[in-house]
Amino acid sequence: MERHLSEQEIIRRENLNKIIEMGINPFPNETFEISHSAKEIIENFKEGSEDFGSVQLAGRLMSQRVMGKASFAEIQDSSGRIQIYVNRDEICPGENKTLYNQIFKKNLDLGDIIGIKGHVFITQTGTISIHVKALVLLSKSVKPLPVVKTDAEGKVHDGVSDPEFKYRQRYVDLTVNPEVRSTFIKRTKMINAMRKFMTDRGYLEVETPILQSIYGGAAARPFKTHHNALDTAFYLRIANELYLKRLIVGGFDGVFEFAKDFRNEGMSRFHNPEFTMMELYVAYKDYNWMMDLMEEMIEYVAQEIHGTTKVKVGDNIISFKRPWKRFTMFEAIEHYTGIDISNMDEAELRTTAKSLKIHVDDTMGKGKLIDEIFGEQCEHHLIQPTFITDYPVEMSPLAKKHRTKEGLVERFEVICNAKEICNAFTELNDPIDQRKRFEDQLELGKRGDEEAMQLDEDYLRALEYGMPPTAGIGIGIDRLAMIMTNAESIQDVLFFPQMKPEKNKD
RNA sequence: GAUCGCUUAGCUCAGCUGGUAGAGCAACGCCCUUUUAAGGCGUGGGUCCUGGGUUCGAGCCCCAGAGCGAUCACCA
């Protein structure tokens, strides 16, 4: 098949061929030993010290300033960039100057991956650099990378900013925009910190099925697939809640999983069809205990990532320092609207919602109305992490009824930067009540609610054997990562966000 | 799903009331040769997202479509 190549791509292929003709393998197999990273050298080199007398490092050639028999260039490794100084007669000590005159000056291109050996010194202008004694090509780049330069005022020129380019070709985005790399490193640090926090407390990290014949644990439309050998429909999980609780039935005191979940719904700045949720279930605890744990864990996570509990997000500074504010849902609504809805019936709630200019329709029940009022009137005010507790029972078919408050369940969410970042309950462990809640969901399903839960007989069977009182939580890892990295879109915290398939232009 | 916006060189972007395509960086060549976004001179590079239409003439106007984005709806 004919491929259209740009002028620059053709030139690079010609350079590749010239290198091959000179008997050099542009894609060698051998290990290249690396003694230091660019960052280590820049952070630790002291003028006049004998340290770094001999270093080897490898990376991409990112700029090249050739001046006859001496040149400066920059290489970028996984830690950052460092300047190198290449002198013709030092890398070509004999009569043959081909390596410098031909290969280094002509046939190497920006983006090529090279290995160098030399010693560290400081130039007249005060830049820590590597004086190169030997240079080897490790991999040729035949497609030009966008060249990003930062000028003296710190202004960035020609950074790749087209979102489609960034997300489809994340490998280029990562190479060219250093802050993208640091976002993803923070994401991993965050997950590692959470894992350590929970493992240190003795909770067991587990894996549960992604292909489920009955999907459950959340209200959402699933992706459906088919197993050929069994000739059976399967769903990609929308949550793993019911499986983790089966493990609590089985006798584990604490289990957690970082789970990829899948929901067949709209995409937005805050929604990707596949996303990561961390769910944790701990036996013999309730939601009050879980609130304390959540605060402690996230405060710890912020400290691990940023070295402080204060995190800048957009124009706000968010403080994760304990304790966080706690509101019941009714208190929050009264606080932001001045209206006490705690004793209202459905008709009064509907009137109240209308008076607040909230779009209502006849299918909305009590729980939905309360949720809408909260969502419209309160959520956007909640920038600092805030616990919202005690939700209407209709919205929470897996949560235990409140110990004292009629019509409510023991549930909390944390709202932070105006978005929900977790959802937790005192888990419903009464199999009789759970069956009734599932049946109510089936009714909703019959009335056309596509997100109503399915009745899971096996889960009920597990509860019938007896599940200890349990507290459970699900934390939206992508949402939390957005806050911890000051990202505006979920796509910025996913290496490969979901996109429509690229059309083949050839 | 609805509305609005964007799509021009490898990258970032200009392009007027419709007159046949521009800059910076990158590339190529020469000069300079310890530079700091190195500099100077020169050269090449375009399916102006795609397909139709209007027009003597379309990057620009009209229609249809694609991709991306924003807002809304949906998503507790």
Side-chain angles (χ1 to χ4, degrees), chain A residues 4-12 14-15 62-74 81 83-88 105-106 109-111 121-129 131 141-169 172-173 176-177 218-221 238 263-273 275 329 359 364-365 367-375 379 388 391-392 394-399 411 413 419-420 423 444 449-453 488-489 491 497 499-503 505:
Chain A
H4 173 77
L5 294 177
S6 70
E7 182 198 33
Q8 292 192 40
E9 288 173 302
I10 292 165
I11 290 167
R12 281 170 182 244
E14 286 168 3
N15 283 336
M62 295 304 276
S63 71
Q64 215 180 355
R65 300 185 284 276
V66 176
M67 290 150 288
K69 61 188 164 102
S71 2
F72 286 88
E74 281 176 300
R81 285 191 190 191
Q83 178 167 274
I84 63 174
Y85 168 72
V86 181
N87 181 294
R88 185 187 67 194
K105 277 170 67 172
K106 309 273 188 191
D109 295 299
L110 297 190
F121 76 112
I122 297 188
T123 61
Q124 293 176 358
T125 52
T127 305
I128 295 173
S129 307
H131 193 124
S141 163
V142 294
K143 200 172 174 64
L145 283 169
V147 176
V148 180
K149 290 191 172 180
T150 306
D151 68 17
E153 288 107 54
K155 249 171 56 184
V156 177
H157 296 255
D158 295 350
V160 173
S161 60
D162 174 20
E164 185 174 359
F165 192 120
K166 284 166 66 75
Y167 302 146
R168 286 202 198 277
Q169 299 187 48
V172 175
D173 191 29
V176 141
N177 295 323
R221 280 181 284 176
I238 57 174
R263 296 186 184 176
N264 203 342
E265 293 164 348
M267 290 160 64
S268 79
R269 215 148 60 80
F270 297 99
H271 300 86
N272 195 67
F275 64 100
M329 190 171 246
H359 178 76
M364 288 175 156
K368 182 74 182 162
L369 286 164
I370 294 170
D371 191 64
E372 283 292 319
I373 294 170
F374 176 78
E379 215 167 62
I388 302 297
Y391 283 63
E394 298 88 335
M395 315 286 303
S396 316
L398 302 168
R411 171 178 171 181
E413 292 188 355
K419 280 283 164 189
E420 167 196 346
N423 184 17
L444 287 175
D449 184 345
E450 288 184 85
E451 286 155 6
M453 287 186 193
E488 287 182 2
S489 168
Q491 297 176 111
M499 304 282 275
K500 281 200 190 176
E502 198 171 4
K503 281 213 299 189
K505 287 172 188 164

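The basis for the numbers below is simple: all heavy atoms, side chains too, and nothing from hydrogens, waters or symmetry mates.
Of the candidates A76(B), G45(B), C75(B), the closest approach to any side-chain atom of His271(A) belongs to C75(B). With C75(B), C25(B), C28(B) as the choices, the nucleotide that has an atom nearest any side-chain atom of Ile11(A) turns out to be C28(B). In this structure, the nucleotide among C28(B), A38(B), A27(B) sitting nearest to the side chain of Asn15(A) is C28(B). Side-chain proximity of Val160(A) to U35(B), G10(B), U12(B): nearest is U12(B). Ranking A26(B), A76(B), C30(B) by closeness to the Lys106(A) side chain, first place goes to C30(B). Here the side chain of Ser161(A) is nearest to one of C74(B), U35(B), C13(B), namely C13(B). Distances were taken from every side-chain heavy atom of Asp109(A) (C-beta onward) to each of G45(B), C28(B), U35(B); the shortest belongs to C28(B). Closest to the side chain of Asp371(A), out of A76(B), G45(B), U35(B), is A76(B).
Here Asn87(A) lies out of heavy-atom contact (under 4.0 Å) with every strand. If you check every strand for non-hydrogen atoms under 4.0 Å, Tyr391(A) touches nothing. Here Glu451(A) lies in heavy-atom contact (under 4.0 Å) with sugar-phosphate atoms only. Residue-level contact check: Ala219(A) touches the bases, meaning some heavy atom is under 4.0 Å from a base atom. Arg411(A) comes within 4.0 angstrom of a nucleotide base, judged by non-hydrogen atoms across all strands. Residue-level contact check: Glu7(A) touches the bases, meaning some heavy atom is under 4.0 Å from a base atom.
Judged by distance alone, with hydrogens and angles left aside, Arg65(A) brings no side-chain donor or acceptor close enough to the base of A37(B) to form a pair under 3.5 Å.
Contact annotation: the side chain of Gln64(A) never approaches that of Ser71(A) to less than 4.5 Å [non-hydrogen atoms, C-beta and beyond].
In this structure, CG of Leu145(A) is placed 13 Å from P of U12(B), rounded to the nearest angstrom. Rounded to an integer number of Å, the gap from CD of Gln64(A) to P of C25(B) is 17 Å. Rounded to whole Å, the distance from NZ on Lys368(A) to C1' on C74(B) is 10 Å. Rounded to an integer number of Å, the gap from CG of Asn272(A) to P of C75(B) is 18 Å. The interatomic distance linking Arg12(A) (CZ) with A26(B) (P) rounds to 13 Å, in whole Å. Atoms NZ (Lys419(A)) and C1' (A76(B)) sit 12 Å apart, rounded to a whole Å. Regarding Gln8(A), its CD atom lies at a distance of 14 Å from the P atom of C25(B), rounded to whole Å. U35(B) atom P lies 14 Å from atom NZ of Lys69(A), rounded to whole Å.
Not counting sequence neighbours, the partners of Ala218(A) by the side chain to side chain contact (heavy atoms under 4.5 Å, CB included) test are Ile238(A), Ala239(A), Arg263(A).
Stem list for RNA chain B (at least 3 consecutive Watson-Crick or G-U pairs, distances under 3.5 Å): B:1-7 with B:66-72, B:10-13 with B:22-25, B:27-31 with B:39-43, B:49-53 with B:61-65.
Of the candidates Glu14(A), Gln8(A), Glu7(A), Ile10(A) forms a side chain to side chain contact (heavy atoms under 4.5 Å, CB included) with just one, namely Glu14(A).
For Arg168(A), a side-chain nitrogen or oxygen approaches OP1 or OP2 of C68(B) to under 4.0 Å.
A donor-acceptor pair is defined here as one N or O able to donate and one able to accept, closer than 3.5 Å; such a pair exists between the side chain of Ser141(A) and the backbone of Lys143(A).
More than 12 non-hydrogen atoms from other residues, nucleotides or ligands lie less than 6.0 angstrom from NZ of Lys105(A).
The aromatic rings of Phe72(A) and Tyr85(A) are tilted relative to each other, their planes meeting at an angle between 30° and 60°.
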Table of protein N/O atoms under 3.5 Å from nucleotides 69-73 of chain B N/O atoms:
from, atom 1, to, atom 2, distance (Å)
G69(B), OP1, Gln491(A), OE1, 3.0
G69(B), OP1, Gln491(A), NE2, 3.4

